[in-house]
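Computed over heavy atoms, backbone and side chain alike; hydrogens, waters and symmetry mates excluded. So you know, we letter chains A, B, ... as the sequences are listed, proteins then strands, and number each from 1. These numbers were taken from a predicted model, which means no experiment stands behind them.
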Protein chains: 2
Amino acid sequence: MATIKQVAQAAGVSVATVSRVINESGYVHEDTRRRVEDAVRELNYTPNEVARSLYKRKSKLIGLLLPDITNPYFPQLARGVEDRLQEQDYRVILGNSDESREKETEYIQTFLQNNVVGVISSTHAPDHEMYTGLKIPVVFLDRTVNDSPSVYADGREGGRQAARELVQRGSARIVIIQGPAAVRTAMDRYEGAAEQLEKLGASYQVLKTDSFSFTEAEAWAQELFRQYPDSDGIIASNDIVAFAVLQEAVRLGKKVPQDVQIIGFDDIPLSRLLTPSLSTIHQPAYEMGRAAADLIIALIEEAYVERRNIQFAVSFIERQTTRKVEL
Amino acid sequence: MATIKQVAQAAGVSVATVSRVINESGYVHEDTRRRVEDAVRELNYTPNEVARSLYKRKSKLIGLLLPDITNPYFPQLARGVEDRLQEQDYRVILGNSDESREKETEYIQTFLQNNVVGVISSTHAPDHEMYTGLKIPVVFLDRTVNDSPSVYADGREGGRQAARELVQRGSARIVIIQGPAAVRTAMDRYEGAAEQLEKLGASYQVLKTDSFSFTEAEAWAQELFRQYPDSDGIIASNDIVAFAVLQEAVRLGKKVPQDVQIIGFDDIPLSRLLTPSLSTIHQPAYEMGRAAADLIIALIEEAYVERRNIQFAVSFIERQTTRKVEL
DNA sequence: TTGTAGGCGTTATCAA
DNA sequence: TTGATAACGCCTACAA
């Protein structure tokens, strides 16, 4: 990697002049500009971001903290974030927190040590001091936070929709699978569903679970039908759990959607390829990622940002785990 | 963020001394060490990695270049890489290349600008000059490369296994779905399968496809049964395609695995939750990610590294899209 | 229009 | 055992 000094030498000017042309700042004669540009090309020079970062006390790096990239919902968020950031010449440092405060703090710390200019986090502890004390902007992604910048989907409405669709399609003994109580979004979905079912005067049961993980999804699915064997409509806490529920239902010889209808949440890419394909509540994850990136960039680059809380609408995606509604 | 100067002042020593204690280098009196440590704690000081990086001309950053984190196979690799790197205090800058040379070069460039000390790449162009010209170590992940450090699974053997298992379970009109010709691993799988089928004297057909994407998987599945309606055994190019094939088979009223058996490749987490669950060739993605991280760290920190090419064994995971073999 | 020089936060060399 | 100080590569007053 060539340095600015070498370019200066090659072009027969001072480093200041080189700096001026590459940053397009200050005056520089057309001729010398050309000479410098030639030298830059010649030496294949690109500025050392580290030196820049040291001087300016800020970088083009943004920290992205996700619970677990392995969970099928997050890659889409990550991709959205990354794509948008990339377009604006920012780069992302990735961290998997596993919802652990300790890991989160550690990452935030090293983000800071690397002069990141902002962080996008999908955390359960948005009001933890590790965030509130931060001097750089933070955007909470997939988390509802009122007084801090955030991008999220309307989980509550999603829950309502799921409930509505199920009832409309004739389920009468509905079970809501409630996700981890600590996860705000999971609770939103649950509350929305419960609220709507009550409003409709439908009876329902609740199965409490405490994680979204692959491995445990199967166990819950079994538990579900053990406790509520005659349930005819399941509102799953997310698509993964819905996959497991479908599998268990089939194993028990139930017909889906005839005997039991299932609705997931998230609309991960594979739910369309499931057999039968999964009816679910769609969250525009990729767009949400992009929006979060947009927001953090705005917060970094602009003095004032109007819309600091961006809510995305969710939508019911009708596929094959729910019955056709009679018109 | 406190600086070393502030710590020095607080401890009543010079920055050199502070540097010595935090780096545990050179002599420093026990008493002053304590004073410094107190100051460090007091001010909550952590060294600025950017300044360090500038001086040392290297960072604790490693670039990770993946085709598309959204493809269910990659998050596991990424997680493995990230976990291991994190344990050794390295951080990862993530990039999605979409297999585009242009994007790859751009990322490599900015990685360099940020003083990354190594890159882990899952590229199709390992011998492109952007890699060969690099002065920092590169590990190719999920790509077979003979003369460069790499971590990969034995795709060829995977293909053979898939073929063997299918024949053993009675499929006689097998179709191999061949992935993108440009993708070495896809070709390995294909060749392994073809080779084994020939060896077994089994007849087979080939359906050529040119990407692994979600959206097109369905189209290929349709194409597959249009061209080979009486096929009774499918070796899919990966699990996603297998998902699509299963879906199409069911749609056509075929019974799986009675009428047609299906074998996937990768063993993405959701294939276990599919209904019927997907028989597939397992690649230890997470471990491969970790191994790649181990390898890059070794290449960075050690003068000589013995095992520069690490091959992982694959294994057949028997689930429900293949018949039980008669003993 | 251009160049000099100081400083960003660290580390390492060299004297003291 | 400790402290000045140069240097890493860049940017920006300020001077010329």
Worksheet item: Quick one: B:Asp31 CG to D:dT2 C1', roughly how many Å, whole number?
Response: 14 Å
Practice prompt. Between B:Glu30 and A:Leu54, just flag the one whose closest nucleotide in DNA chain D comes earlier from the 5' side.
Written response: B:Glu30
Worksheet item: Quick one: is A:Arg57 getting a side-chain N or O under 4.0 Å of the C:dG9 phosphate, OP1 or OP2?
Response: yes
Fill in: Touch class at under 4.0 angstrom, heavy-atom based, for B:Thr32 against every strand present
sugar-phosphate
Practice prompt. Name every residue in residues 33-49 of chain B that has at least one heavy atom under 4.0 Å from any atom of DNA chain D, in order of residue number, or write none if there are no such residues.
Written response: none
Worksheet, complete the sentence: Heavy-atom nearest pair, B:Ser121 first then B:Glu104, reads OG-OE1, 4.4 Å
Dump the pairs, protein N or O against N or O of nucleotides 3-7 of chain D, anything under 3.5 Å, distances to one decimal.
residue, atom, partner, partner atom, Å
D:dG3, OP2, B:Ser14, N, 3.0
D:dG3, OP2, B:Ser14, OG, 3.3
D:dG3, OP2, B:Thr17, OG1, 2.6
D:dG3, N7, B:Arg20, NH2, 2.9
D:dG3, O6, B:Arg20, NH2, 2.4

Worksheet item: Can you name the residues that form a side-chain hydrogen bond (donor to acceptor under 3.5 Å, both in side chains) with A:Glu82, not counting sequence neighbours?
Response: B:Tyr107
Discussion item. Show me the pairs that pass side-chain hydrogen bond (donor to acceptor under 3.5 Å, both in side chains) and involve residues 293-305 of chain B, at least two apart or across chains.
Written reply: B:Arg84-B:Asp294, B:Tyr90-B:Glu301
Fill in: Whole angstrom value for the distance that separates C1' of C:dT13 from CG of B:Asn23
15 Å
Worksheet item: Is there a donor-acceptor contact under 3.5 Å linking the side chains of B:His124 and B:Arg184?
Response: no
Practice prompt. For B:Glu87, look at atom CD and say whether over 12 heavy atoms of other residues, nucleotides or ligands are found less than 6.0 Å away.
Written response: yes
Item to complete: May I have all residue pairs that pass side-chain hydrogen bond (donor to acceptor under 3.5 Å, both in side chains) and include part of residues 56-72 of chain B, sequence neighbours excluded?
Response: A:Arg79-B:Asp68
Worksheet entry | Nearest to side-chain heavy atoms of A:Lys5, which nucleotide of D:dC11, C:dT1, D:dC8 | D:dC8
Item to complete: Answer yes when A:Glu49 and A:Arg52 have at least one side-chain N-carboxylate O distance shorter than 4.0 Å, and no when they do not.
Response: yes
Discussion item. Using five base pairs at each end to define the local axes, how bent is the helix from C:dT1-D:dA16 to C:dA16-D:dT1, to the nearest 10°?
Written reply: 50°
Item to complete: Whole angstrom is fine here: how far is it from CD in B:Gln9 over to C1' in C:dG9?
Response: 15 Å
Discussion item. What I want to check is whether the side chains of A:Tyr73 and A:Asp142 have a donor and an acceptor closer together than 3.5 Å.
Written reply: yes
Discussion item. So that I can tick it off, tell me whether B:Asp38 and B:Arg41 are bridged by a salt bridge, with the cut-off set at under 4.0 angstrom between side-chain N and carboxylate O.
Written reply: yes
Worksheet item: In whole angstrom, what separates B:Met1's CE from C:dC8's P?
Response: 15 Å
Practice prompt. Using a cut-off of 6.0 Å, state whether more than 12 heavy atoms not belonging to A:Gln9 lie near its atom CD.
Written response: no
Discussion item. Under 4.0 Å from OP1 or OP2 of D:dC10: is there any side-chain N or O of A:Arg52 that close?
Written reply: no
Response to the item:
Whole-Å distance, A:Lys60 NZ to D:dC11 P, equals 13 Å
Discussion item. Nearest whole Å is fine: how far is C:dG9 C1' from A:Lys58 NZ?
Written reply: 18 Å
Practice prompt. Scan B:Thr3 against the nucleic acid and name what it touches under 4.0 Å (heavy atoms): base, sugar-phosphate only, or nothing.
Written response: sugar-phosphate
Discussion item. Taking A:Arg34 first and then A:Asp31, would you say they form a salt bridge - that is, a charged N and a carboxylate O separated by under 4.0 Å?
Written reply: yes
Discussion item. If you compare all heavy atoms of B:Ala293 against all heavy atoms of B:Leu85, which two are closest, and at what distance to 0.1 Å?
Written reply: CB-CD1, 3.5 Å
Worksheet entry | Candidate nucleotides D:dC8, C:dT2, D:dC11, ranked by approach to the side chain of A:Tyr27 - the nearest | C:dT2
Item to complete: Please tell me which of B:Lys56 and A:Ala51 maps to the more 5' nucleotide of DNA chain C, matching each residue to the nucleotide holding its nearest heavy atom.
Response: A:Ala51
